[in-house]
Amino acid sequence: GQQVMQIPQYQHVQEGEDFTTYCNSSTTLSNIQWYKQRPGGHPVFLIQLVKSGEVKKQKRLTFQFGEAKKNSSLHITATQTTDVGTYFCAGIDRGSTLGRLYFGRGTQLTVWP
Amino acid sequence: NAGVTQTPKFQVLKTGQSMTLQCAQDMNHNSMYWYRQDPGMGLRLIYYSASEGTTDKGEVPNGYNVSRLNKREFSLRLESAAPSQTSVYFCASHIRGNTIYFGEGSWLTVV
């Protein structure tokens, strides 16, 4: 079955440092989505990438989708304490008829002031 | 437009008791999910429903049952609660290719 692996599991950075989380799929994806979950909250949608090699930016956040559509990354430049939370990637297998989303385990980001 | 609503938000059960977590969405989504989230384990899929009348097991279905009552509602039942089922439960829904929306979570403690 499809697997979506995400690394690292935990990341601790000092405010102002950069942060990157990586997502790898065992199968080719039709798209990939990224979510953020604040402590005590529920996951909230950040962005969706669809095209091979796609790069999207949201202020200090940069999202990339690999050329083979099997991997993705989220990079945060100059982290702030408001970036604290767990970041999840989720993908749909290109061959899936059900369109079920598979989530990575998430990367828990801690930012020291 | 409420999105995904799940109840109860908090529940304490004794071992062996049963309960049902209710979930409803008002976005006309076909697919609905139940996840549990434990520290360091991310979101683990319990059951998935691609459409009304269909359900499929996820990663951790043991000890749970589900009902897709209609397009709006997807309930999760614990027949005989165990301490290992202490967790935060999230219901979610989406349409293929689009954003998945989560409920606010149900914090369940089994003592």
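Keep in mind it's a predicted model, so treat the numbers as computed, not measured. Labels below follow one simple rule: chain letters A, B, ... track the order of the sequence lines, proteins then strands, and each chain is numbered from 1.
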For B/I100 and A/Y35 the tightest heavy-atom approach is CG2-OH, 2.6 Å

**Prompt:** Heavy-atom count around A/Y22 OH within 6.0 Å, excluding the residue itself: above 12?
**Reply:** no

Tightest non-hydrogen contact, residues B/G42 and A/F88, listed as CA-CE2, 4.0 Å

**Item:** Under-4.0 Å salt bridge between A/R38 and B/E104
**Value:** no

If one checks every heavy atom of A/Q33 against chain B at 4.5 Å, the contacting part turns out to be side chain

- Item | Side chain to side chain, B/H94 and A/I92, heavy atoms closer than 4.5 Å | yes

Under 4.5 Å to a heavy atom of chain A? For B/N30 that would be neither

Among B/S51, B/G103, B/A92, B/G58, the residue with the most heavy-atom pairs under 4.5 Å to chain A is B/G103

The interface call for A/Q6 against chain B, heavy-atom contacts under 4.5 Å, is neither

Honestly, the part of B/Q6 sitting under 4.5 Å from a heavy atom of chain A is neither

- Task: Answer with yes or no after comparing the ring centroid distance for A/F103 and B/F102 against a 6.0 Å cut-off, counting only values under it.
- Result: yes

Taking every heavy atom of B/F90 against every heavy atom of A/G41, the minimum-distance pair comes out as CZ-O, 3.6 Å

ask   = Taking B/Y33 for the side chain and A/L101 for the main chain, is one N or O donor matched with an acceptor at less than 3.5 Å?
value = yes

If one checks every heavy atom of B/I95 against chain A at 4.5 Å, the contacting part turns out to be neither

